[in-house]
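Beneath this line is the structure, given in structure tokens, with notes to follow.
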Amino acid sequence: MKRFLSVLFVIMLITGISYAEDYSSKTDDELYAIQDAVRNELTKREMTTEGNILIFEHEGVSVYLTGEYSYDYRDALNLDAIIINDSDKEFSFYTELSVNGWDVYSNSAGIEAHPHKKNKDDININISDAGIKTYEEIEEMDFRISFWFNDDAGNHYKAEPFTLHFPLKK
């Protein structure tokens, strides 16, 4: 059995080498695109491993909430987000939110990410619109994300609503 597995491993290794891609024939732009794709994949794996919450994924675009948040002087809750764009196009999105069943103002219109890049941004939520004053009073939050590629801004994609129940468990 060990001999069979050893032979199988050698065959797989030889087959893998023969199909290896020749990177020396790639242009600089192609190599940088491969490098960006690898970095983005590593970031996605890190996001999942650390328990971050995927709230949107479509056509190579992923949006994660990190679980970090802050308040600002306008009674706004700022949720830290990581946006990963594995597509070949620049895109933008905005969020419509409700907190505890109340539609709330969200200052997240036009968050963008360039092709094959990552972006850290905040999703700002006016929690006083829901009649609450602190993060701890949130029971549930509904996200409705609208998304478009900037070269085709006439076509919007509306994601299915995504609900987070609080307190968040990482």
Side-chain angles (χ1 to χ4, degrees), residues 16 19-99 103-127 135 138 140-170:
Y19 288 112
E21 194 165 344
D22 180 18
Y23 291 107
S24 63
S25 65
K26 301 273 186 199
T27 67
D28 288 350
D29 288 341
E30 290 171 327
L31 289 172
Y32 285 126
I34 292 168
Q35 182 182 15
D36 289 340
V38 169
R39 285 181 180 153
N40 287 350
E41 181 60 32
L42 289 171
T43 300
K44 284 181 183 179
R45 290 179 185 198
E46 181 183 328
M47 294 284 109
T48 304
T49 303
E50 291 179 359
N52 295 299
I53 301 166
L54 177 66
I55 61 169
F56 178 78
E57 187 168 44
H58 182 72
E59 293 189 27
V61 176
S62 305
V63 179
Y64 293 87
L65 292 180
T66 67
E68 301 295 320
Y69 64 92
S70 62
Y71 292 102
D72 67 20
Y73 64 93
R74 302 167 295 185
D75 288 332
L77 174 66
N78 304 310
L79 301 176
D80 290 351
I82 302 288
I83 300 100
I84 301 172
N85 184 0
D86 279 330
S87 75
D88 293 329
K89 302 175 183 177
E90 186 173 304
F91 80 95
S92 297
F93 77 91
Y94 68 91
T95 56
E96 299 172 38
L97 294 162
S98 68
V99 173
D103 281 334
V104 296
Y105 175 75
S106 171
N107 186 19
S108 60
I111 293 176
E112 297 180 344
H114 297 287
H116 305 287
K117 300 295 181 193
K118 302 174 285 209
N119 185 11
K120 290 182 181 181
D121 215 321
D122 291 336
I123 297 176
N124 310 94
I125 306 160
N126 188 346
I127 59 174
Y135 177 78
I138 298 174
E140 71 178 25
M141 186 179 297
D142 292 321
F143 290 84
R144 294 172 301 279
I145 294 180
S146 291
F147 159 99
W148 64 94
F149 287 109
N150 294 351
D151 64 350
D152 189 17
N155 288 327
H156 279 60
Y157 171 79
K158 259 199 170 181
E160 291 294 317
F162 183 86
T163 302
L164 290 176
H165 298 281
F166 289 75
L168 292 177
K169 297 194 178 18
K170 282 192 138 190

Starting from the C-alpha separation in whole Å, work towards a yes-or-no answer on side-chain contact (heavy atoms from CB on, under 4.5 Å) for Ile83 and Phe93. CA-CA 10 Å; Ile83 300 100; Phe93 77 91; 3.8 Å; yes
Quick one: [atom1] on [X] to [atom2] on [Y], what's the gap to the nearest 0.5 Å?
X      : Y      : atom1 : atom2 : answer
Phe162 : Thr95  : CZ    : OG1   : 13.5 Å
Leu97  : Ile123 : CG    : CD1   : 7.0 Å
Asn124 : Tyr71  : CG    : OH    : 13.5 Å
Tyr94  : Ile145 : OH    : CD1   : 11.0 Å
Asp122 : Leu77  : CG    : CG    : 9.5 Å
Leu79  : Ile53  : CG    : CD1   : 9.5 Å

Do the side chain of Ser87 and the main chain of Lys89 share a donor and acceptor less than 3.5 angstrom apart? yes
Is the side chain of Asn85 donor-acceptor paired with the backbone N or O of Ala113 at a distance under 3.5 Å, no angle test? yes
Under the side-chain contact (heavy atoms from CB on, under 4.5 Å) test, which residues partner Tyr157, sequence neighbours left out?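 For Tyr157 the side-chain contact (heavy atoms from CB on, under 4.5 Å) partners, ignoring immediate neighbours, are Phe56, His58, Phe147, Ala159.
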Report the residues that fulfil side-chain contact (heavy atoms from CB on, under 4.5 Å) with Asp142, sequence neighbours left out, ordered by chain and then residue number. Ser98, Glu140, Arg144, Thr163
Closest non-hydrogen atom pair, Ser146 against Glu96: OG-OE2, 4.0 Å
Between Asn52 and Leu65, which heavy-atom pair has the shortest distance, and what is it?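 Here Asn52 and Leu65 meet closest at CB-O, 3.3 Å.
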Indicate yes or no: at least one non-hydrogen side-chain atom of Glu59 is less than 4.5 angstrom from one of Phe149.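 With C-beta onward as the side chain, the pair touches.
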As a quick check of understanding, evaluate side-chain contact (heavy atoms from CB on, under 4.5 Å) for Asp151 and Glu90, giving each step before the final call. CA-CA 8 Å; Asp151 64 350; Glu90 186 173 304; over 6 Å; no
Residues at least two apart in sequence or cross-chain that pass ring-ring contact (aromatic ring centres under 6.0 Å, His included) with Tyr105, listed by chain then number, are none
